Amino acid sequence: MEFGIRTMDDVDVAGKTVLCRIDINQPVDRKTGTLRSTTRIEACVPTIRELSDKGAKVVLMAHQGSDIEYQNYYTLEPHSRVLAELLGREVMFIPDVCGPAAIEKIKSLKNGEILLLDNVRFMAEEQTLFEKKLRLTHEQMAETLVVRKLAPLADLYLCDAFAAAHRDQPTLCGFEEIVPSMMGRLFEKEYVVLSSLMESPERPCTFVLGGAKIADAFLMMESVLSGGAADHILAGGVVANILLIAKGEKIGRGSYDFIVKSNYEEFFEKAKGLLERYADRIVLPTDLAWVENGVRHEARIGEIPDNIGAIDIGTETAETYQKYIRGSKTVFVNGPMGIFEEEPSEKGTKMVWDALGDTEAYTVVGGGDSITATTKYGKTEKISYICTGGGSLIRFLTGEELPVVHALRKGSKLPVR
Ligand code: 3PG
């Protein structure tokens, strides 16, 4: 046991049905439904291969979210094909999570076989909005449909989904109430590395927060600022736009409309509160970029035309952020600075990643889009540690116990049958 959690070294899995929660949530091309990266799928391979080699019947549960927060859920069928190719062995897929078809399939598994169930987020109780509204306890999660249907089929529950360890949802935290539990190899690695890093991060410690997962970003900003973990936060993406508008800046009608359309208006108040308390530690863009007819334009804050929607930080801001990154001893990064997938709006993200590549600081990059940017700009070898988790990484660094860690500690106490 490490950290009070069973590891794969503590259990003989041969002939056992092991219900595994993995995180293979990848950036998806919204037009074609294809995966834009496979990094997280690759990261799960060692655990799955080991279980299968040791003769377990491996049942995989996972979610696929979207680049728009909590919308557009996709099937995991493409993921099963990638996984099969990486493993070099068959991965069965069933378009069901816990209905009769899934149950029959699980019962028919032979030793060493691998089955991937479909996206657990097709069930409302697995969705983050549901999590936040209902706040089920782990005991209550053990009563949800998915746990009631699948737990009786499982000898063991394994969680390798470090990237989702900050989520409090039934497939992550409910099974541990009734099924003997353990963590997988990836979860163990992330936990060990981050725990030791957390003991004494070298100062100054800078957080780069961008992207469009706003609820996570604001929760994290609050805790890394109030807990003292962050000396500075460099804001980009939609996070920065919300902060700028909350400060009273005019950054274009399109930028504002996007925030309203995404139901992010509630964050203006939070942003104001953060800016009042931590103005000296939150670094905001001094210029922004937008694209018209495929051409990039930039303007300083205060001079931004009313009819635009900002989709990147400007060059001056990116240069400032480069200086902070190069002057830091530790840098944590979660989220790109803009729509880096398209050439006219990639400059801010690219410049930030250039600085990450040549700073002397210990750099930690986490989260799906940030990992994609790291690969895109050829920085994989230059980043000190690439964590599969984005939200979970930042939440871990706040010092709070992650919900999945709490649940796994409990499930590790249940005797293996
Ligand atoms: C992530 O991408 O951060 C994890 O997979 C969790 O995904 P979620 O934010 O959709 O819950």
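As the structure lists them, so they are numbered: ligands from 1, and atoms in each ligand from 1. Predicted model, so just to flag it, every value in this text is computed and none were measured.
- For the salt bridge (Lys or Arg N to Asp or Glu O under 4.0 Å) test, no residue two or more places apart in sequence or in another chain qualifies with Arg21.
- Per-residue contacts place Arg121 under 4.0 angstrom from the following atoms of ligand 1 (heavy atoms of the residue considered): 8 (P), 10 (O), 11 (O).
- Residue-to-ligand polar distances place Lys213 within reach of ligand 1: an N/O pair is separated by less than 3.5 Å.
- For the pair Ser370 and Val365, the tightest heavy-atom approach, listed with the atom from each and the gap, is CB-CG1, 3.6 Å.
- On a distance-only criterion, Asp23 and ligand 1 share at least one N/O pair closer than 3.5 Å.
- Considering His138, His406, Lys132 in turn, His138 is the only one that fulfils the side-chain hydrogen bond (donor to acceptor under 3.5 Å, both in side chains) rule with Asp168.
- Within the structure, the closest approach of Ala163 to ligand 1 falls below 4.0 Å when heavy atoms are considered.
- Residues meeting the salt bridge (Lys or Arg N to Asp or Glu O under 4.0 Å) test with Glu113, sequence neighbours left out: none.
- In Glu126, neither the side chain nor the backbone holds a heavy atom less than 4.0 Å from any atom of ligand 1.
- The only option from Glu346, Lys382, Lys350 that meets the side-chain hydrogen bond (donor to acceptor under 3.5 Å, both in side chains) definition with Tyr377 turns out to be Glu346.
- Counting heavy atoms under 4.0 Å from ligand 1, residue Glu131 does not touch it at all.
- Near Arg167, with a cut-off below 4.0 Å to any heavy atom, the atoms of ligand 1 are 8 (P), 9 (O), 11 (O).
- One distance of note links NZ of Lys54 with CZ of Arg49; it measures 13.5 Å at 0.5 Å rounding.
- Each of the following atoms of ligand 1 lies closer than 4.0 Å to a heavy atom of Asn25: 1 (C), 2 (O), 4 (C), 5 (O), 7 (O), 10 (O).
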